[in-house]
Amino acid sequence: MNYQQVINKVYQSVLQSNRLGEAADYIPELAQVDADQMGVYLHHNDHSSAYAGAWDQQFSIQSVVKVLTLTLAYKKMGSEIWHRVGVEPSGTPFNSLGHLEHEQGVPRNPFSNAGALVVCDVLMDLFEDPRAAMLQMIRESTGNPAIDVNKSIADSEKSEGYRNVALANLIKSLGNIKHDVNELLDLYFDCCSISLNCKDLALLFSFLANQGTCVQSGKALLTPSQSKRINAVMLTCGFYDEAGEFAYKIGLPGKSGVSGAIVAVMPNVFSLAIWSPGLNIKGNSQRGIEFLEGFTNETGQSIF
Ligand code: GLN
């Protein structure tokens, strides 16, 4: 399979289709980003790679980080984590408060904002410095020691993060958040504001394409069984109320973020990162989804 050829072809066709979407505007720093950018990076488990466009341009990881916060908590805590957060698709937008009141503050899954806040609360129990633990895992897995939190994006999120403040307070009132809400929100916003590029993101997610072991560092982040389970939750919950559509069109486990990042994984073969800031109505990258649909159609690569 010549991945570079396929990426070049699909990249061009997505550019030409000219369906851009709009950059997220509820986080002021993200609203300033030029939506007309796109980068792609595929990292194969045999260490080869293929890429196109602005693959080396930095962006904030946003909700893609929810997979990594979960990984860190799951590795240390094991299945006990599932007492604090579920594994069912919510069918609701990423920032919904909807089910919480009726479900005793236990979020449906770890990839909604509610779920990620609870996982961050767990990390505050498990690690003395959860921020440092996150950055260490990310730097080791990418081999890039320069990766860090973008403080102006984190501050920007804090300045307008009303729904996240509401979520944290609601869950705390229902007893599923133990720590100070302000400290918890700081950790959550910092995690969402970690900045990297498509190459970093593809390398970072190689462990989910490789039975839990990072291809770049050779380090086991999860057991094969845990890796399977995280992939299953990405497939069913990785795209909020567009998860069904993503599974239907693309057929790969993946995760999106409001910066326009998407990472998708073909177990035992590759991890693939795409970034294009224009979002569709569900808050997922318009071009990212279009690219992945074209790519999986051309290559026939899907888990189904
Ligand atoms: N930081 C963003 C928020 O909390 C993450 C949401 C996302 O990427 N979908 O609103």
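Order of appearance sets the numbers: ligands from 1, and atoms from 1 within every ligand.
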Below 4.0 angstrom from a heavy atom of Cys192, which ligand 1 atoms are there? Numbered from 1 as shown, please. 1 (N)
Is it the case that Gln5 and Glu298 place a side-chain donor and acceptor less than 3.5 Å from each other? no
Which option, Ala261, Ser63, Ser193, owns the non-hydrogen atom nearest atom 9 (N) of ligand 1? Ser63
So for Phe189 against ligand 1, with non-hydrogen atoms under 4.0 Å, the contacting part is neither
For Gln62, take its heavy atoms, then give the atoms of ligand 1 lying under 4.0 Å from any of them. 1 (N), 2 (C), 5 (C), 8 (O)
Under 6.0 Å between the ring centres of Trp82 and Tyr74? yes
At less than 4.0 angstrom from any non-hydrogen atom of Asn164, what atoms of ligand 1 do you find? 3 (C), 4 (O), 10 (O)
Can you confirm whether the side chains of Asn113 and Tyr188 place a donor and an acceptor under 3.5 Å from each other? yes
Is the count of non-hydrogen atoms from other residues, nucleotides or ligands lying under 6.0 Å from Tyr3 atom OH greater than 12? yes
Taking side chain as C-beta onward, heavy atoms only, is His179 less than 4.5 Å from Asp125? yes
Quick one about Asn164 and Glu157 (side-chain donor to acceptor, distance below 3.5 Å, no hydrogens or angles considered), yes or no? no
Are Gln4 and Asn8 close enough that a side-chain donor and a side-chain acceptor fall under 3.5 Å? yes
Within 4.0 Å of some non-hydrogen atom of Gly257, the atoms of ligand 1 are 8 (O)
In ligand 1, which numbered atoms sit nearer than 4.0 Å to a non-hydrogen atom of Asn113? 3 (C), 4 (O), 6 (C), 10 (O)
Output the list of atoms in ligand 1 that are nearer than 4.0 Å to some heavy atom of Tyr26, sorted by atom number. 2 (C), 3 (C), 6 (C), 10 (O)
Looking only at protein heavy atoms, which one is nearest to atom 4 (O) of ligand 1, and how far off is it? Tyr188 OH, 2.7 Å
Judging by distance only, is a nitrogen or oxygen of Glu157 under 3.5 angstrom from one on ligand 1? yes
